[in-house]
Amino acid sequence: MSKTLITCDCAGSQKIDSQALSERTGLRVAPPCSALCTTQIDRAAKALEGGDAILCCTQQERVFTELAEDMGLPPAPLLDLRDRAGWSDDPRDKLPKMSALAAEALLQIPDEKTIDVASEGLCLILGQGPAALEAASQLKDHLSVTLLLETAPEDLLEMPGYDVITGKLRRASGALGQFEVVIDALRQIDPRGRGALNWTEPRDGGRSQCDLILDLRGETPLFPAHEKREGYLRADPAHPPAVAAALLAASHLTGTFEQPLYVRTDPLLCAHSRAGQTGCTACLDLCPTGAITPDGDHVTVDPMICAGCGACSSACPSGAISYDAPPVDFTMRRVQTLGRAYLEAGGDAPRLLVHDAHGAEMIRLAARHGRGLPADVVPMELDALAAFGHAEALAALAAGFAHVSLLLGPKADRDAIETQTALARAIAGEARMALIDTPDPEALTDILYGGEAPAPVTQPVRPMGSRRQIARQAARALNPEAEVLDLPAGAPYGAVLVDKDACTLCLSCVSLCPSGALGDNPDLPQLRFQEDACLQCGLCANICPEDAIALEPRLDLTDAALSQRVLNEEEPFACIECGSLFGVKSTVEKITEKLRSHSMFADEAKLRMIQMCDDCRINAQYHSTNNPMAGKERPRPRTTDDYFSKRRDH
């Protein structure tokens, strides 16, 4: 069903040529309103009844949502043309950007995958002193509170209306709805008896579960990236506003919540380890919350701890972990749709600005109070900025964008983003990608208006497939004359270098290569390699008994990378009995020479067995003297005739 854009010039503060926009997008574009959210709200109501409209106003999202609820209809999709395009001091044509934003709005967003998390309000408060006691008193009417104190208070004369325990917290794990704590020197109030309250004898290793933890100790957080741990609230006890905010948040953490499933995993693709040897640790090194842990040959992700930063997805060399909220391929489609629509609408050399929610607010402030975005800067908002890795940036540049900028926010995972940016620059060129790190909207617009981008690709391409496949095809489009690109250390593309003098062709590396980049030849002693498949995980180098393997990060753009080549080969040995080829000639000769002086091989016949193929060696062993496999002559089996003859004799 064709969509209709309901536009608004916001009291004449922006110019919208509805006819031209319709011609360039192929959509029905109604003549612009001037007050869609107030005096012309009836047009929004009519659009909702039609069920095919996109309302071009996000500032008054609440008004339109309430209108849809009152009418018993689903809310219409919203599109921000004003802040991202219309409100701009750039005199250049803004229709290409508006067309690109409209085309992006037509994409169907995949449904979010979630799991239910239940919280019954079991709250553990950590702290000592008035702040912790007051917090427990305020929350006891809303939550089931347990207060953990390191020492028993002297002024606790009667039961306070919530549970009080003393002890030392040894360990805490889990997230909202499923925290588990271990407490040493645990003591509880003994409610029996008369007079002052008594305490039980201390015991170590006490275990308990709770739904949320309120940490008022003012000490080191219990968890890495603690601000991303759902259900863990932490405040400085000496800062009353922070404590009040934490209490308010805690009082609302009861009921059933939806926890997004941020990533999708495929253990069969994981290159973490093989045969007890560690290979790739990219996701483990980057995960800020500790949600990713080793699990045999692969890694596993705890969805309750995962905060959805997306860093693991952009760094994973094999696709074993990929962002799924939304999926990676949807982000690729957004990038390519924006680029294609901008160019098809008559624009030239667009620049892509990738940002998060904080960046969206900066753009709104820059549009209302400053110069707004330049006409050639196309914004794209992502929930997880770190999920926009080198492959996504290369896809954007190959789709026709002249430049890609990432606007860093306060919650951005900078180390992961900087690593991916360095890799993208090495492949596409330093001038094609940049990081913008400023909280000032005015400084943002100054950077964008003052920036100059290189010429875009002459023939845009929109590759499909995995992130590796897209990155390779995009790199070829961006470097049509290049053959091999040098990459920074740790890049997921590269070659395997073999010291032929040290390599014995034992082929241990072949059996453990997780991607099949290393292979053998069943007919000849050869070590073969397909560079396009190599993940640079390091397993081959770690497992090699001769330390004969090294890695070289690079990107081979030639067709040679798509086929196998021989890294090392030797002459096979011919069996001295039947002539069949087996093993490596130099290895067999070396072993024979080393064993010649050994007492167990003093007999020349035993040395000859080393030079035989498997079949001939077994045959020779079986017919040799003192054969350990030989025994006494086996008794002849008795048959029916034997029984009959015995009867006749009697």
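- One finds the CG atom of Leu95 at 8.5 Å from the NZ atom of Lys15 (value rounded to the nearest 0.5 Å).
- Enclosure of atom CD in Glu361 by more than 12 non-hydrogen atoms of other residues, nucleotides or ligands within 6.0 angstrom is indicated.
- Taking the side chain as every heavy atom from C-beta outward, Cys316 and Cys283 never approach each other to under 4.5 Å.
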I would like to know whether Lys228 and Asp413 meet salt bridge (charged side-chain N to carboxylate O under 4.0 Å, His left out); could you show each step before the answer?
CA-CA 12 Å; Lys228 298 181 178 182; Asp413 295 88; 3.3 Å; yes
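- Checking side-chain atoms of Arg468 against main-chain N and O of Ala391 turns up no donor-acceptor pair under 3.5 Å.
- For the pairing with Arg334, the side-chain hydrogen bond (donor to acceptor under 3.5 Å, both in side chains) check across Glu104, Glu381, Glu392 returns one residue only, Glu104.
- Rounding to the nearest 0.5 Å places CG of Leu212 at 13.0 Å from NE2 of His252.
- Arg472 has its side chain out of reach of Leu394: every pair of non-hydrogen atoms, C-beta onward, lies at least 4.5 Å apart.
- Annotation: side chain of Ile470 is in contact with side chain of Met332 (closest heavy-atom distance under 4.5 Å).
- A distance of 6.5 Å separates CG in Leu338 from CG in Leu101, rounded to the nearest 0.5 Å.
- Across Ala434 and Arg425, no two heavy atoms sit closer than the pair CA-NH2, 3.5 Å.
- No donor-acceptor distance shorter than 3.5 angstrom exists from the side chain of Arg43 to the backbone of Leu36, with no hydrogens or angles considered.
- For the atom pair CG (Leu79) and OG1 (Thr7), the distance works out to 10.0 Å, reported to the nearest 0.5 Å.
- Atom CD of Gln40 sits in a crowded spot, with more than 12 heavy atoms from other residues, nucleotides or ligands closer than 6.0 Å.
- Note on ring orientation: taking the six-membered ring where Trp is involved, the planes of Tyr232 and Phe223 are perpendicular (angle over 60°, cut-offs 30° and 60°).
- Glu442 CD: 12 or fewer foreign heavy atoms inside a 6.0 Å radius.
- Within 6.0 Å of atom CD in Glu66, more than 12 heavy atoms from other residues, nucleotides or ligands are found, so the atom counts as buried in its surroundings.
- Annotation: the span from Arg340 atom CZ to Arg462 atom CZ amounts to 5.5 Å, rounded to 0.5 Å.
- The backbone N or O of Gln469 sits less than 3.5 Å from a side-chain atom of Ser466, completing a donor-acceptor pair.
- In terms of heavy atoms, Ala44 sits closest to Leu67 at CB-CD2, 4.0 Å.
- At distances below 3.5 Å, not a single donor-acceptor pair connects side-chain atoms of Lys97 with backbone N or O atoms of Pro350.
- At most 12 non-hydrogen atoms from other residues, nucleotides or ligands lie less than 6.0 angstrom from CG of Asp111.
- Here the side chains of Phe388 and Val335 are in contact, with some heavy-atom distance below 4.5 Å.
- For the pair Leu216 and Ala135, the tightest heavy-atom approach, listed with the atom from each and the gap, is CD1-CB, 3.6 Å.
- Contact detail for Ala307 and Thr289: the closest heavy-atom pair is CB-CG2, 4.0 Å.
- In this structure, Asp89 places its CG atom where more than 12 heavy-atom neighbours from other residues, nucleotides or ligands lie under 6.0 Å away.
- For the pair Pro463 and Gln336, the minimum side-chain heavy-atom distance is below 4.5 Å.
- With contacts defined as side-chain heavy-atom distances shorter than 4.5 Å, the pair Asp211/Leu253 does not qualify.
- With Asp90 contributing its side chain and Ala375 its backbone, the two residues share a donor-acceptor pair below 3.5 Å.
- Under the 4.0 Å criterion applied to side-chain N and carboxylate O atoms, Lys411 and Asp356 are not assigned as salt-bridge partners.
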Determine, step by step, whether Gln473 and Val461 satisfy the side-chain contact (heavy atoms from CB on, under 4.5 Å) criterion, reporting the C-alpha distance in whole Å, the side-chain angles of both residues, the deciding distance to 0.1 Å, and the verdict.
CA-CA 8 Å; Gln473 295 173 57; Val461 297; 5.9 Å; no
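- Note that the CZ atom of Arg364 and the OG1 atom of Thr58 stand 6.5 Å from one another [nearest 0.5 Å].
- Met71 CE: more than 12 foreign heavy atoms inside a 6.0 Å radius.
- Between the side chain of Asn479 and the backbone N or O of Ala482 there is no donor-acceptor pair closer than 3.5 Å.
- Using modelled atom types, no side-chain atom of Ser34 and backbone atom of Cys10 make a donor-acceptor pair closer than 3.5 Å.
- Distance alone, capped at 3.5 Å, places no donor-acceptor pair between the Arg351 side chain and the His403 backbone.
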Decide side-chain contact (heavy atoms from CB on, under 4.5 Å) for Leu397 and Val457; before the verdict, give the C-alpha distance in whole Å, the side-chain angles of both, and the deciding distance to 0.1 Å.
CA-CA 8 Å; Leu397 294 169; Val457 294; over 6 Å; no
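- Other residues, nucleotides and ligands place no more than 12 heavy atoms under 6.0 Å from the CZ atom of Arg264.
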Please step through side-chain contact (heavy atoms from CB on, under 4.5 Å) for the pair Leu406 and Val404, ending with a clear verdict.
CA-CA 7 Å; Leu406 268 69; Val404 175; 3.9 Å; yes
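- Judged purely by atom type and a 3.5 angstrom limit, Thr337 has no side-chain atom pairing as donor or acceptor with the backbone of Ala103.
- Looking only at distances, a side-chain donor or acceptor of Asp80 sits under 3.5 Å from a matching main-chain atom of Arg82.
- Closest approach of Pro456 and Arg432 over heavy atoms only: CA-NH1, 4.3 Å.
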